[in-house]
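Right, one structure below, let's go through it.
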Amino acid sequence: MEAYILEQNGGVENLKKTTIGTPVPKAGEVLIKTRAIGINPIDVQVRASKDMLGMITGGHLPDRVIPGWDVAGTIEQTGDGVTAFNTGDEVYGLLNMPGLGSTYSNYVIANIDQIALKPENLDFTAAGATPMAALTAWQAVVTLANIRKGEKVLIHAASGGVGHFAVQFAKVRGAYVIGTASAKNEAFVRSLGVDEFLDYTAGSFEEKVNDLDVVIDTINSVEHIIRSISVIKRGGKLIYLQPHFADALSSKLEETGIKGFGVFVNSSAPILNEISTLIKAGKVTPQITKVFSFDQLPEAQTMMESGRAVGKIAVEIQ
Ligand SMILES: NC(=O)c1ccc[n+]([C@@H]2O[C@H](COP(=O)([O-])OP(=O)(O)OC[C@H]3O[C@@H](n4cnc5c(N)ncnc54)[C@H](OP(=O)(O)O)[C@@H]3O)[C@@H](O)[C@H]2O)c1
C-alpha cells in the first residue's frame, strides 16, 4: 500500500510517500480501502512537534509513524468475529484518537467501535473530512455544554472546521448563536445559520456581547479564552479546545463563577452515528472548501497550517 511516513518531526518535507505492506485486520477490526481523508490542525501539530507526537501516542512511539485520523472508504476485509460490517460497506470514522490513526494511506485498519456507515447523502470526500471536527464540536456543544433551546451562545472561529459544525449543532438544539470570523468569511458563517456575525478584526467581541450562557472558544490562546470568560454570565459555561490550558484558567473561572470544560476528542462510533442521523436528515452539512489529491497532501497540510482554512480541507486518495 501507499502511505505517508513521518520521517522526523519538522516541516512538510518530512512527510514521505512510501510503499509498504498492507496490514491484515485482527479480531474486531476491518481493513478500509481509503477513498478520502480530512486534514486537521492536530495533523500539523503532531508533524511539527515531538512533544505533541509523544503526547498523542502516550509516549509509545511505533517504529513507523503514519499520521492522520479522519477517513472514509470501503471495507476491503473483515477480521474474525466482525458481524456489524461487511466487505463493500461504505464507512467513515475518526480512528484511534488518542493514539495514531494512520489514515494517510490508501488502506488502513479500523476498530469497529470507531466507524459508522457513511451517510448516503455524503460523498466520500465530505465524509472523510467530517469525523474529527464534527465529533469535537459534538463534545463541545452536546456532551459538555449541553446547549439548550433559547440559550445565547458565542462560537469563535465559526468559519473553521470545528466551528462550522458547532454552529450547526447549536442551531439544531435551538440556541441563539453568535459566530466570529473575519469579514471575508461573513457570508459563509451566515450560511450556516448564525443569528449574529461578529468580525473579530473590527473591534473586540467584548464590546459587542455579554451575559452569554455559553462560549465555545476554539482559539489557541489563554489570553483569548480569558477574554471569553469576561462575556459569560455567572453560572454559565466556557468550553475550550486546548485542555492543557486548564491550570492557567482555573483561578479566573473560580473568581467569576463560570464552569470551564476542556475538550479532548475521542473516537466514538455511537456519537458518529448520532451525527450521521443529523446529516441524513439534512440538518447538518459538512462544508468542504478545498480538495487536494493524495500527491498534494503536504500542500493540504500547509494550507491547514495557515490557520485560514474555511470549513474543511479534504484529500482524495483513490
Ligand atoms: N481538544 C481537541 O480535542 C481538539 C479537537 C479538534 C480541534 N482542536 C483545536 O481547535 C482549534 C480549531 O480547530 P479547527 O479545525 O476548527 O481549525 P481551523 O479549521 O484551522 O480554523 C480556521 C478558522 O479559524 C478562524 N480564526 C482564526 N483566528 C480567529 C480568531 N481570532 N477569531 C475568530 N476566528 C478565527 C479563521 O477565520 P479567519 O480567516 O476569518 O480569521 C479560519 O476560518 C485548533 O486549535 C485545534 O487544534 C482541539
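Each ligand, and each atom within it, is numbered from 1 in the order the structure gives.
Short contacts between ligand 1 and Ile219, defined as distances under 4.0 Å to a heavy atom of the residue, involve ligand atoms 28 (N), 29 (C), 30 (C), 31 (N), 32 (N), 35 (C). Short contacts between ligand 1 and Ser159, defined as distances under 4.0 Å to a heavy atom of the residue, involve ligand atoms 25 (C), 36 (C), 37 (O), 42 (C), 43 (O). Distances below 4.0 Å separate heavy atoms of Met304 from the following atoms of ligand 1: 20 (O). Proximity to Ala309 (heavy-atom distance under 4.0 Å) selects the following atoms of ligand 1: 22 (C), 23 (C), 42 (C), 43 (O).
Using modelled atom types, one finds a donor on one side chain and an acceptor on the other under 3.5 Å when comparing Asn40 with Lys312. Judged purely by distance below 3.5 Å, without hydrogens or angles, the side chains of Lys184 and Ser182 pair a donor atom with an acceptor atom. Donor-acceptor pairing under 3.5 Å is recorded for the side chains of Ser293 and Gln296. Of the N and O atoms on the side chains of Glu2 and Thr19, at least one donor lies less than 3.5 Å from an acceptor on the other residue. No side-chain donor-acceptor contact under 3.5 Å links Tyr104 and Thr34. Judged by distance alone, the side chains of Glu90 and Thr74 never bring a donor and an acceptor atom under 3.5 Å apart. A donor-acceptor pair shorter than 3.5 Å can be found between the side chains of Thr201 and Asp199.
Annotation: Val310 places no N or O atom under 3.5 Å from an N or O atom of ligand 1; distance criterion only. For ligand 1, the polar-atom distance check finds an N/O of Lys184 within less than 3.5 Å of one of the ligand's N/O atoms. Inclusion of Leu241 in the set of residues having an N or O under 3.5 Å from an N or O of ligand 1 is warranted. Annotation: Val263 places an N or O atom under 3.5 Å from an N or O atom of ligand 1; distance criterion only. Looking at Gln45 next to ligand 1, an N or O pair under 3.5 Å apart turns up. When only interatomic distances are considered, the shortest N/O to N/O separation between Val162 and ligand 1 falls below 3.5 Å. Considering backbone and side-chain atoms alike, Arg308 places an N or O below 3.5 Å from some N or O of ligand 1. Between Lys312 and ligand 1, no pair of N/O atoms sits closer than 3.5 Å.
Side-chain atoms of Ile239 and Val263, non-hydrogen and from C-beta on, do get closer than 4.5 Å to each other. Taking the side chain as every heavy atom from C-beta outward, Arg227 and Ser204 approach each other to under 4.5 Å.
Closest heavy-atom approach to atom 5 (C) of ligand 1 within the set Asn266, Ile313, Thr289, Thr136: this belongs to Thr136. Among Gly38, Pro243, Ser306, Ser182, the residue whose heavy atom sits closest to atom 38 (P) of ligand 1 is Ser182.
For the pair Lys171 and Phe169, the cation-pi test (distance below 6.0 Å, angle within 45°) is failed.
Taking the six-membered ring where tryptophan is involved, the planes of His156 and His224 are perpendicular, since the angle between them exceeds 60° and thus also 30°. Phe294 and Tyr4 have perpendicular rings, their planes meeting at more than 60° on a 0 to 90° scale where under 30° would count as parallel.
With hydrogens left out, the protein atom closest to atom 36 (C) of ligand 1 is Gly307 O, 3.6 Å, a heavy atom. Closest protein heavy atom to atom 45 (O) of ligand 1: Gln242 NE2, 3.0 Å. Looking from atom 18 (P) of ligand 1 to the surrounding protein, the closest heavy atom is Gly161 N, 4.0 Å. The protein atom (non-hydrogen) at minimum distance from atom 21 (O) of ligand 1 is Gly160 CA, 3.7 Å. With respect to atom 34 (N) of ligand 1, the closest heavy atom belonging to the protein is Ala157 CA, 3.2 Å. The protein heavy-atom contact nearest to atom 31 (N) of ligand 1 is Tyr200 CE1, 3.5 Å.
The side chain of Pro41, and not its backbone, has at least one atom closer than 4.0 Å to an atom of ligand 1 (non-hydrogen atoms only; side chain from C-beta on). The side chain of Asn185, and not its backbone, has at least one atom closer than 4.0 Å to an atom of ligand 1 (non-hydrogen atoms only; side chain from C-beta on). Counting heavy atoms under 4.0 Å from ligand 1, residue Asn40 does not touch it at all. Both the backbone and the side chain of Val265 come within contact range of ligand 1, each with a heavy atom under 4.0 Å.
When the options Lys152, Lys233, Arg234 are evaluated for a salt bridge (charged side-chain N to carboxylate O under 4.0 Å, His left out) with Asp213, the one that passes is Lys233.
Between Met97 and ligand 1 there is no heavy-atom distance shorter than 4.0 Å. Assignment of Thr218 to the shell around ligand 1 is supported, since a heavy atom sits closer than 4.0 Å.
Hydrophobic cluster membership is shared by Met303 and Val162, with clusters built from Ile, Leu, Val, Met, Phe, Trp and Tyr side chains linked at under 4.5 angstrom.
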- Checking salt bridge (Lys or Arg N to Asp or Glu O under 4.0 Å) for the pair Arg173/Glu151: CA distance, chi angles, key distance, verdict? CA-CA 9 Å; Arg173 291 174 77 90; Glu151 285 189 327; over 6 Å; no
